[in-house]
Each structure stands twice: as C-alpha cells, then as structure tokens.
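Quick caveat: nothing in here was measured; it's all calculated off a predicted structure. In what follows, chains carry the letters A, B, and so on, assigned in the order in which the sequence lines appear, proteins first and then strands, with residues in each chain numbered from 1.
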Amino acid sequence: TSNEPSASPTTAAPQPAPAASGNDEPGDKVVIGFSAPAADHGWIAAIAKNAEATAKQYPDIEFKPVEPTNDINQQISAVESLIAAKVNALVILPNDGQQLNQIALRATEAGIPVINLDRVFPDKLAYRTWIGGDNYGMGVAAGHHIGKALKDKGVSNPVIVEIQGIATLPLTQDRSKGFEDALKTYGFSVTAKQDAKFTVETGNQVATGLLQAHKKIDAMWNHDDDQGVGVLAAIKEAGRNEFVMVGGAGSANAMREIQSGTSVLQATVTYSPTMASSAIKLARLIAQGKGMSDLVENQVPQSITLASETITKENVEKYLDLGFES
Amino acid sequence: MLVMRGIVKQFPGVRALDGVDLDVRAGEVHCLLGQNGAGKSTLIKVLAGVHQPDEGTVEFNGAQVRPSGPMDAIRLGFATIYQELDLVDGLSVADNIFLGHEHARLGFVNTGAGHRAARQVLERLGHGEIRPSTEVGRLSPAAKQVVSMARALSHDARLIIMDEPSAALAHDEVANLFRIIRELTGQGVAVVYISHRLEEIREIGDRVTVLKDGRTVAVGLPARDTPTSRIVSLMTGRNVEYVFPPRAARPPGDQVLEVEGLTSPGAFHDVSFSVRAGEIVGLAGLVGSGRSEILEAVYGARPASGSVVLAGKRLRRGGVVTSVRRGMGLAPEERKAQALLLDQSVTANITLGSLPGFARFGWMNRARERAEAERLVKALDIRPPDPERPVKTLSGGNQQKAVLARWLLGSRRLLLLDEPTRGVDVGARAELYAVIRDLADQGIGVLLVSSEVPEVLGLADRVLVVREGAVIHEAAAGELDEHRVLDMIMNGRAA
Amino acid sequence: MSDARRPPAAVPETGGAAPPPARATLNSLTGARHLGLLVALGLLVVVGLVTRPENFATASNLVSILSLAATIGVITVGATFVIIGGGIDLSVGAIMALASVWATTVATQEFGPVVMAVCAILVGTGTGLVNGLLIAYGRLVPFIATLAMLVAARGLAQRMSDRKTQLIDGEGAIAALSTTRILGIPLLVYIFALVVVLGWILLNRTTFGRRTYAVGGNPEAARLAGIDVRRHTMLLYALSGLCCGIAAILIMARTTTGSSTHGDLYELDAIAAVIIGGTLLTGGRGTIIGSILGLLIFTLITNLFILNGLNTSDQLIAKGLIIVVAVLLQRRNLKERAP
Amino acid sequence: MSDARRPPAAVPETGGAAPPPARATLNSLTGARHLGLLVALGLLVVVGLVTRPENFATASNLVSILSLAATIGVITVGATFVIIGGGIDLSVGAIMALASVWATTVATQEFGPVVMAVCAILVGTGTGLVNGLLIAYGRLVPFIATLAMLVAARGLAQRMSDRKTQLIDGEGAIAALSTTRILGIPLLVYIFALVVVLGWILLNRTTFGRRTYAVGGNPEAARLAGIDVRRHTMLLYALSGLCCGIAAILIMARTTTGSSTHGDLYELDAIAAVIIGGTLLTGGRGTIIGSILGLLIFTLITNLFILNGLNTSDQLIAKGLIIVVAVLLQRRNLKERAP
Ligand SMILES: Nc1ncnc2c1ncn2[C@@H]1O[C@H](COP(=O)(O)OP(=O)(O)OP(=O)(O)O)[C@@H](O)[C@H]1O
Ligand SMILES: Nc1ncnc2c1ncn2[C@@H]1O[C@H](COP(=O)(O)OP(=O)(O)OP(=O)(O)O)[C@@H](O)[C@H]1O
Ligand SMILES: [Mg+2]
Ligand SMILES: [Mg+2]
C-alpha cells in the first residue's frame, strides 16, 4: 500500500488541457446549474469537484450547484429550483435517469439545454447532449483482461467472482452484462456474484463472505475501486493471493496498488470522473452556441461516450494523475 | 421533632397547599386526614423532597431543612411509602428494597448480602414467604405494598411517612402493619399516617391533623377521643352520616347473571352463583383469595372454563368486547394500570366505555359527550369539577370516581365493582354507596368486591364468602355479622 | 343518605375549583407546543427571505416545497396514527416502493391508470394489514414485525421489477397528477391536503380516533373498557399501509416510474416528523397538525439548502443543529420517558 | 383484629406468596426466551451444514462470522444498555464513522496507533456524552436528539475527511488487530468477547446495572429511590458512545480505513438485534446474552446467503421471513406495548 495517501494534497482536479481553438476565449456570461447525487462516494465526490474546478477556470461561467441528494424526490425539487432560476444550461447526473426523465424534459421544454452526465435519460427529448462512461465497455474490458490472463495460464473451468456495486442501478447491470459477454468469448462464465453498496465496509463484508464460499478463486472483478479498499483489506486478512483481481473506475489508490506490483490487484478499468469537467465545458459551449473545434460540425454532438481504458502495471504511469482520490 | 409552617404549593391551575401547618413529635403516630384532593399526598411529597414548596418552612430537630430532592430527604432520615406504588417491575424484590442504596462495594453488588438483608426486613414485616429473588412484576398488589414498606424500613429512618398504606391490604395485613408501626414508635421513630379509614386512625393514631382544601383546619387533635362527627365535619365542612343507604324494599327482579362451574386453574375453581336485577351481591374474602380473578373471568377478560349466562344468553368466553356490548361493566382494582388514560381528560376517560353511544357512523357527537361528562362530574362531585382536566392531575379518590362514572353511562345490566371505594374519602364514600344503591334500584345487577367487611355487609343484599379460590358460604347480608364473616374467611369455617 | 347528587355548596369550596385558569393553562400549553414549531418554521422562513430574497418567496418555490412534502406527508399522516396507537411502522418506505412497482408492472399498466392507482392502494393496504396481523394477532413486537416487512417488501419489489426502474407513459393520467395544476398548484398537493384533512377528522372527530388514543395510552384500560384492542391495532397498520399506497401514487406521478428504490429511509423521516411534532413515541398522545408542521420544518430545511447550494457535509451538520434547536424550542412537556 | 400473625393457611395463596412455582415460571420463561433464539440459531446452522457442508463448518468460516459480528457486536452491547435504560440511540453508526475519520486524519496518524485508538475512544465517548447531555439535561426526546446527532456526526465526518476514504498504513498496529491471530482467532474477536463480558458484568453485577433497569423500568420510582436519573441517563449514552469508539477501532482494523460511510444503518441492525434478543423497547428489561444471540442470528443469515450465492432480492425476502419466524419462536411475553 501507499504510505501516506491522505498526506499528499492532490485534491486538485486534473487541469483540463486548453481547447485547441479559440473556444476558451471568454464569451457571453452563462449560468450553469449542476445537480448530482450526494457525494458520499469517492467517484461522485470527484465528479462534483471536477465540475466545480472546471467552472472556476472560466470567468464567463456562473456555477450554480444544488444540494446533492440520494433521494429522487429531492433531486426533482432541486432541479425544479434551477429551472425556476432560469439558468442557461443544466448539467445533471441523475440518481436514476428514468426517474428524473420527466423533470429533464420539463427543463428542455422551458428552453434550457440539459447536459446529461453519465446515467442516461431514456427519452432523447429530455436532453441536448449526453456524455458518460461506457459501462458495458467497462465490463468488456475487465472480461477481456481476465479472460486473456486465464487463457495464458491455461486454466480451464476457472472460478470467477464478481463484486458488483449497487444492484438496482442500471449501470451495474450494464457492467455485468459486458463482463459476461466478454468472458463468453473465452468460454468462461461467472461463478458467483454479490453486490456491495459502493462503500469500503460493504466491500469488505461481501469479499469476506465470498472468500469463505470459494476456497480457490482464479479471478475477481470488483466494479468499484472505492469499495475495493475494503475488498483488498478482506483479501489481505484472509491471506489469499492465488487469483487475478481487476478493479473498476480508476482511483489513485488502485493505481498505486497496481504500480506496487505486489498486489493481487493487477489492473483496473477506467470510468473516469473527468467526464464532469468535459460536461461543464460542453454546457458552456452549448449555452454560448459554439461547436467543438476539432469537429467539423458547428454544434456540439448529441452524445459522447468515453472509452473505458484498462490500466495495468505497464501503462499506470500515464494515468496516475488522472486517478481520483477515493 | 418535625415542624412545617405555612406550606404553599401551587400547581398549574390548582393551589394544592395553601398554608399548611404540621408538627410531629418523636415516637408518635401522627394521622393526616382530609377529603380526596385535600392535599395530603402533596404535603408529604413536599416533605419527601419530590415537590419544592413555593412558600413555608420545614424544621427538623430544631434545624431548618429544605429537602431539594428525594435523595436529600432520605439523607435527612425521612422514608416514604407513596400512595401509588413506585416499584420497578423488572427488578427483584431485594433489588427494589435496596434500590439507590444497594449493598455494594466499589460499585459491585453483593447479591448475597442484599438477599439476606431483604429476607430480614421481610420477616420483620411478617412476610418471610416473599422471596427476595422474585421479580416484583409478578407479585400481587398486596405483596407489592409489603415490598414498598420493606423499602421504607430498609432505610435507617427517623420519620416514616405512609400514604394510605392500608388501601391495598386486608384486615389481617393491617393488623400486621400496626404491629410494625408500634415497634417503630417504640424506638422513637415518628410516623405520619394517612388513611381514609377512621377506625384505623382510632386504633393506631396518637394525634390527628385535618386538612381541607389545602389548609390546616385542625392541629393535634387526640386521635382516640375526638368524636367521629367532629372529624368528619372538619374534613367535609358538613355533617355526613357514615351509613349505608337502605336496601330496596321490593324484591329483586329477573336473573341477570348466572355463573356455573367457573374454573380458572391456579386462581379459583368451580364457582357458581347468580345475580338478579336490582340486587347487589358482595364477595368477601382475603386479599389473594381470587375475587378479582372471578370478576375478570365473568367479564371475559381472563380465560376460564364453565358457563356465564348474561340475561339469558350464554357468553362466549374471553371476549370483553361482547360483554360490554351486552351490558356489563368492570371497574377494576388498579385504576392507574387498568382503567385510566392518565394523559386524557376526565371526559375522555368517562366516555371510553360507551363511545358508540356518542357516535353516529363513527362520528362523535362532542357536545352531547361533554354534557354527559359534566353531568356525571357534578353527580359524583369529582373535584375540581372541570371535565377537560387531564385525569392524572386529579387526586387518587377523584380518579376512582371517574372510573366509576364510566359505567354510569349507557344501558348497563350488570356492574362488576372491584374495590370501588379504595382511597375514597368518608364523605365521597357515602355518596358512592348511594350511587351504587341507586343503580341497583334502577334494576341493574351489581357484583361487588371489597376488602372491608363492613362495606360488603352494609351495601350488599347477598354475600358470598370466598376463600382460596372457592365460594365457601352464601347468605343474605342481614344474616351475617362482621365477626362471623372474618372467622370464615380466615379459618375457613363455614358457619 | 339518599341525596346522591351532592349539595352545590361544596363545589366552589374545593381546592382545584377554579376551572377557568386551569383551562387557560391547558390550552396555552397545547398552543405553546405548536407555537414552538411555528416559531421554528418562522425562523426558517426568515432565513430563506434573507439569504435568497429573489427565489425563496416565489409562488413556484412554495409549490415546489409542497410537492416535495406531499409524498412523505401522506405517509406521515399514517405514521401519526400508528405512533399515537403505541406502535411503530418501519416499513412505510418499503411498502410504498412495493406498491409503486406492483402498480407499474407491464401487466398492471395495460389496464390503465385507474387500475394502477387501485392496485397501489390495495397493495399498500394489504401489506399494512399483514403488518397488523403479525403484530396484533401474531403478537410480534411492532419494531421487529415492520422491520421484517421493510426488508421483505424491498426484496419483493426488487424481484418484481427485476431491479429495474419501471417507466410509466409520461402523458398518462398518473403523471397528470404532478403536471396538471389548479390555481397554479399541482393536483398532488391537493391530494396531500385532502389526506391531512381526512386524517385530522378521523383522529379528532370519530370513535376510531378516540380508540387510537386509548389503545396507545393504556392498552389494558382500553381492553377492559370493551375496546377490541387487537382489531384496532391491526386497523392502524392497515391505515398506515393505505397511506403508503396513496404515497406510491404520488411518487409515481412525480417520477413517472415505479422503482424498488423509492422511499429509501422514509421511515426515519416520517417518524422524526411525527416526534418533532410532539407525538410521544410511547403512544397515547399527539396531533396530526404537529406532525405536518414537523414535516414542513424538514422540507423547508432541505429547500433552503437547495436554494443556497450548501455542500452536503455542511448541510448535514446544519440539519442536526436545526433539529436540536427546533425541539429545544418546544421542549417536551409533562411525563416523558427519560427524566 | 389484633391477631397480628396471619394464619399460615392464607400465606401460600397470596400474590407473591407461592415462590417456588413463580420462580420456576420465571426461569423457564427466561430459558424459553433464549431457547427460542438458540433454536433459531440451531436451525440456521443446520441449513448451513446441509447447503454448504464443505464450507460452512470450517474454522475459518466461523472466525469470519465472528469477525464480521465483532464491530456491530460491540455497538450492540452499548445499545442494550441504552434501550434497557428506556432510551434509544440512532447515532451509533454515525458516531463510529466520525471516530474512525477523526482517528485516521493525517494529524492523528502521525502520533501512531495508540493515540489513534485513544482518539477514537475519546471521540466516541465525547459524542455520546453530548447525546446524553441533550437528552438528560436538555430534555430532548432520545429519538430526536440521537437522530440529530446521526445527521450532524455524518456531516462532520464528511467534512473532516473531505469525503475521502482515509487509508491507514496496512502494516501498522491497528491493522494487526485484524490480521494477528491467537489460536487462529484474530485479536478483534477477543476484543469483542472482552466487551461482551465486561458489559455483562456491568449490567448484572454492579449498582450501575441495577440502576439501569430501574431508570428504564420506572424512572419515577428510580427518582423517588434517590437515584440521580439524569446523571445516569447521561452516562448510558456516553457508554454507548464509548462502545462506538471501540467499534471504530475494529472497523479501522478490518478495512484499514477511516471513512464517513462506515457504519451505515448500523443503528437499525443494532436495535433489531437488541429487540430480537428480548429487550423491551420500552425499557426496564433485557439481557446482553439475548442481544448477542440476536446479532449472531443476523450475521449467520448474511453468511449463509453469501455462501449460497443468493442474490440480494431473494436475500431480503428470506431475511424478512426468518426474522418473523425467529421472533415467533420466542413470542414476546409479559407486559408489552400493544395488546
Ligand atoms: N402534579 C399535579 N399537577 C396538578 N395538580 C395536582 C398535581 N398533583 C396533585 N394535584 C392537585 O392537588 C390537589 C391535592 O392533591 P393530593 O394528591 O395531595 O390529594 P390527597 O389529599 O392526597 O387526596 P386523596 O385522598 O384522594 O389521595 C388536588 O386538587 C390535585 O388535583
Ligand atoms: N399475574 C399472576 N400470575 C400468577 N398468579 C397470579 C397472578 N395474579 C394473581 N395471581 C394469583 O391469583 C390468586 C388471587 O389473586 P388476587 O390478589 O387478585 O385475589 P383477590 O381476591 O382479588 O384479592 P384482592 O383483595 O387483592 O383483590 C392469588 O393466588 C395470586 O397469587
Ligand atoms: Mg393522596
Ligand atoms: Mg383483587
């Protein structure tokens, strides 16, 4: 493990590179509203922080975050208040895209462009642009990494366990689907899966149980590096290291583990919270009526899916400063 | 030894004490008399540090004291037996007796020593059969009273205050209590004794102080020689004859209740009797003889085998709801635990048993409800006469009247009264007797349990003597006298 | 002694005889209790006016506060009955979730909005009835029975929905409850108000309400007074379930979805609102008005946070402090559990 | 009526008179109460043996169950005291989180593991003391005071940690509590056992324990007996806080982190364990052994689910049913709130 992680004050969000053209020149003043779930989780906290940091870089943005909450009813009220305040653009990471669809639609109807971050609204009329990670792709990346490693080792009939995040989120189901599909190409399948709740403690509890249930494991995919801290502690306590572990999201801590080379955690597949920075930038461009200068079109595209990258010991250097502190 | 002067205590809306004087000498039994709500309990609570007086002084052995809390009072050497039993149900007898002054070293309880000491106190009280390790919640009211007394004795007190200690006790137990009191006074301990039973005052008391409406109206009367009529008129401000209303002239009507072979294992067995309309049937017996259980079983509140027929129709066992709907009513023995909604108003308490009578399709007619409650508050002279007052701010006797008032509503065929005059003062008692007789005269059957034999004999038309869960004798009240009944209930001799 | 009716002379003489002051004190006490809540609410309003003068006092913000309060408000009405009746219901949020999921399954949606609404109400009431049966006749402790129901109902809801959020057609009649406005106020706020009024009437003007106080205040006395305590207890939980069913319709209208995640931790919020409102957790005392005021305080706090964009941590700290202050303003009076 | 000594004939009839049967009933009742729990535990063990013969009965699985139970077990001991004393503490999980965060800040970590442990304990006890002061002297209802503390402590924990999970050096003495084993059992299980034993002694063998029952069973009687009910109430919450502090050390050892998300919903689990264990929510009665058995039932259920790879939804449904069955096995007895 790293020695004093909390000592290194790398709290600052990664500084987004300046735009290739004159898009960074101050334009019309725009008010950007921002609503996200409660920051009780490292990844979400990084989202909120990145959004704020990026907004601060532009003197022409007035950033208006509202109370983050995990209660759908309250998030609806929060967005209502932003609509009432007549912001120029709305960046929304909904607790649940389906449940917030209605209110996003209302914002769009009120003439406010909605930038949908990460969890998608089912109704395309509800948003102007969607930007988010590729949950299915994340599962695929993890599946390929594990499939390949086990193929190389020549294992047949491997025991593969999966520790999910919150089971009721669509993103969890997408990740699992991708993982399953990728493994299938190697002729493997998931032996057991359990859901934790994105917290260190639940990760620890679920991992403890799974390690008991399976005396020999060949590979483990943990959806989330935050809960991964607890998972790793459980693995350590049980004194197990016979398997390959892959993480998810790409926290700085997970990267340090990978870098150390001594951990069971050999890789993690990214789901980067930098998307929040991009979302703010897009919101600004849309509100100011600008396009993305690297593209030919005069307007921002309708959807942008970030690729999920696989971080291993080989390429970890390159990613270290994009990693978020959980 | 103890001198209280000009004590004033104000509660929201009530001046409970309005300048009371009291002086108690070492080694005497000083009796405190007064109507329900006169302020007796409040006065002794001031002494026990439960209430802080608004005005007035307390002197003890010549020094000015001001007990600021129960702890303080105990330290001064005042021990108190409260009117409402204040025991912790979940703890054992020994733990209750020594609560707050446990046998302990460095915080660790010495259970053995505690049990030994508890046994000693209990034996001194003549109740060696109560085990120190028994959970108090499982004891009968009488046994709880003994534990309360044991607690007071366990302190090395110089003044013991007893607020109606005999209310839950039967004849024999009272005698036992008096023995202890004499023992105590012999050692120079002073006793302040509150009771509504004048004959007790005569037997044990040395001097009497009379309270009326929160004021002292007489100090230091000789307990034995003051005529009853004088005491009663001091208490009530009028002359009350302590007599029972005359029995009905006309013969009782149809059978209202017929009980056959009623049995509840462990409590009573094979009980059979009947009650006619307009008849008062009394159950006489010792505490613990099973009378309350018989009433509960008749009422359907306790499982029992055998048949209960009310007005010609057999009742399904175990259903209070049906019993009430068919015209029964029970005024239970422990008013606080079993009868009252302490937080609610007098009105809500009175009408609780006959809510459907005040409602149409479930909708309450509140005006009629209030009118009826007001009528009953007046009729029974519940004081203060404010039907909206929460019942918990009433004195004990007035609470008892509210319980009775509940069953004066609606059309009742049969009333079951368990110790209806417990804690009720002399004047109000006469009124209650009149009310009960009045009910019977209207054709209602009454089944009455009382631990005071004269009350049973004076009020009932017919008396059943209960002993150890069985009816051992039945006779018209006129054919019995107190001595014979006492002999039967104690020795089992059916004369 | 045949003069059963007492001579009037004695009456003015007695100690506690002066009823007018007594009455006054009593009333002012009750008043004071709600006064504390009103003062707390008032303070929050002042804070809102000072910090966000341009947004806070707008009609749209007030409507938004009421819409937010509606769902949990309906549940709070049911919870008030249960708690006054001496029980507790931890399963409210889960029942609401289950009702919302059941009412939005493909099979149910086919039959249209009325059937969906009826379905939600039946599921809610039925589940509440199961609680009631377990507690009243199975003699389970309410805390445990409803905790078990919480767990089981959420599990069932997840199972029925396959853990997915079930969308309702956005243009349907259910969603219209949230989008249709009369006098600028969405229908669901009217439903909330109606439930509060009916609840108030039921509690204060009917024998059912009287019995609720009796059953909670002293179950043994209620039983001996001829009240069927078990049946009543069972009905109380069914009533709470009914409220959850209605709340399910409201949340379906607001989110246009049914989901097993709806109403997470509503049980704590509802109980907190009821207790801040002055209802005793031990039963026998309490008011609907108090509960609703308590709830509005919570909602207003949230609204102020939203308007002021406070970060979560500071919000939580502030919320804790505000709760304490609000309650200190209306100190519990008279007999309470702890000293 | 001068015959002072009562004829012996009457004696065996009087209320508390017949002690042998009374005693027997009592003992068999207590026995039966725990018996119910033991039967439920036994059934779960049988299920484990049948469904996963190769994994369930292994030493390492048992150790793992105990390690899992340790953290919340310590909290349950404190919660038992509070509930027997007539109160309730909803803030346990939040206090544990705050203590874990405070003890793992950079500033604290500098001073080494002993200071970290002391810090966790002080923070826990101190926060519990604040609860106690608010309840005993500020006269707040326990439910509300500790709810406010729940909210505020989580907020403060988030603030201190800047919402990050704070890592502890994995090789340090704190983590060693989890990894060092004596006779194959990790140190933290010994700590858990020690807390249970000390708690049992405190409750059953000291005046503090007796007074806890008295304060919970009948606070007025306790006051009249000269017990300082307020002070005692305050101490009960401080004790609960102390247990949370100890639990914080254990969770730090297990997860090698301090985090504001630790202990989420522990309050419900702890209270549920205490009540399943036979302690009355209204206070005055209960046992430590019962609470621990209740907790083990919960832990065993979770363990079995994971071993058998059940999905969460089915887990929840099964858990609800098991709770009901476990409690039906040990029907609440004697005086209980509802009928
Ligand atoms: N806590 C209280 N709050 C308000 N009023 C009270 C309170 N306690 C007693 N009172 C009132 O004070 C008066 C005196 O009551 P107290 O209990 O001292 O009477 P008492 O003489 O003991 O009567 P009883 O013989 O019925 O026991 C009554 O009017 C009663 O209603
Ligand atoms: N809860 C109980 N559990 C076990 N036995 C009980 C219980 N209650 C009463 N008993 C027993 O039933 C018998 C009758 O009790 P109880 O004291 O009620 O008689 P009673 O004649 O009504 O006396 P009282 O004068 O107190 O009304 C006694 O032997 C008593 O021990
Ligand atoms: Mg009195
Ligand atoms: Mg009796």
Side-chain angles (χ1 to χ4, degrees), chain C residues 85-88 90 134-136 138-145 147-159 163 215-216 219 222-223 229-230 233 260 268 271-272 275-276 280-283 312-324 327-328 331-332 335-339, chain D residues 85-88 90 134-136 138-145 147-159 163 215 219-220 222-223 229-230 232-233 260 268 271-272 275-276 280-283 312-324 327-328 331-332 336-339:
Chain C
I88 197 157
L90 297 178
L134 285 175
I135 292 163
R139 299 162 140 252
L140 289 184
V141 185
F143 190 95
I144 293 294
L147 181 72
M149 180 56 86
L150 184 175
V151 175
R154 281 232 183 269
L156 197 58
Q158 286 187 12
R159 224 164 183 242
R163 297 178 181 170
V215 165
R223 187 175 80 100
V229 176
R230 291 201 180 167
T233 304
S260 59
L268 278 187
I271 297 170
I275 292 181
I276 279 216
L280 289 188
L281 199 51
T282 44
T312 343
S313 325
D314 295 341
Q315 257 177 50
L316 291 175
I317 299 174
K319 196 162 176 178
L321 292 178
I322 292 175
I323 294 175
V324 168
V327 180
L328 278 181
R331 282 259 180 84
R332 61 186 166 158
K335 86 146 196 206
E336 250 297 312
R337 271 252 59 125
Chain D
I88 197 158
L90 297 178
L134 285 174
I135 292 162
R139 299 163 138 252
L140 290 182
V141 186
F143 191 94
I144 294 294
L147 181 73
M149 180 57 86
L150 184 173
V151 176
R154 280 232 185 268
L156 197 58
Q158 286 185 9
R159 207 148 209 256
R163 296 174 193 161
V215 165
E220 181 63 14
R223 192 170 80 93
V229 177
R230 291 200 179 168
H232 196 90
T233 304
S260 57
L268 280 186
I271 297 170
I275 292 181
I276 280 217
L280 290 187
L281 199 51
T282 43
T312 340
S313 319
D314 296 340
Q315 264 182 39
L316 291 175
I317 300 175
K319 196 166 174 178
L321 293 178
I322 292 175
I323 294 175
V324 169
V327 181
L328 278 180
R331 283 259 181 83
R332 62 186 166 162
E336 251 298 312
R337 277 253 56 126

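For Ala272(C), the parts lying near chain D are the backbone and the side chain together; criterion is any non-hydrogen pair under 4.5 Å.
Ranking Leu150(D), Ile271(D), Ile88(D) against chain C, the residue ahead of the rest is Ile271(D), based on heavy-atom pairs under 4.5 Å. Ranking Ile144(C), Leu90(C), Leu268(C) against chain D, the residue ahead of the rest is Ile144(C), based on heavy-atom pairs under 4.5 Å. Contacts with chain C were tallied for Ala318(D), Ala145(D), Ala222(D), Ala152(D); Ala152(D) has the most, counting heavy-atom pairs under 4.5 Å. Chosen from Leu321(D), Leu147(D), Asp314(D), the residue pairing most often with chain C at heavy-atom distances under 4.5 Å is Asp314(D).
For Arg223(D), the salt bridge (Lys or Arg N to Asp or Glu O under 4.0 Å) partners two or more places apart in sequence, or in a different chain, are Glu220(D). With sequence neighbours left out, Ala157(C) forms a side-chain contact (heavy atoms from CB on, under 4.5 Å) with Leu98(C), Val101(C), Ser260(C).
The shortest side-chain heavy-atom distance between Arg154(D) and Arg159(D) does not fall under the 4.5 Å cut-off. Inter-residue side-chain proximity for Ile276(D) and Phe143(C) is flagged as unmet; no heavy-atom pair is nearer than 4.5 Å.
Residue Val215(D) comes nearest to Gly85(D) through the heavy atom pair CG1-O, 3.9 Å, listed as atom of the first residue, atom of the second, then distance.
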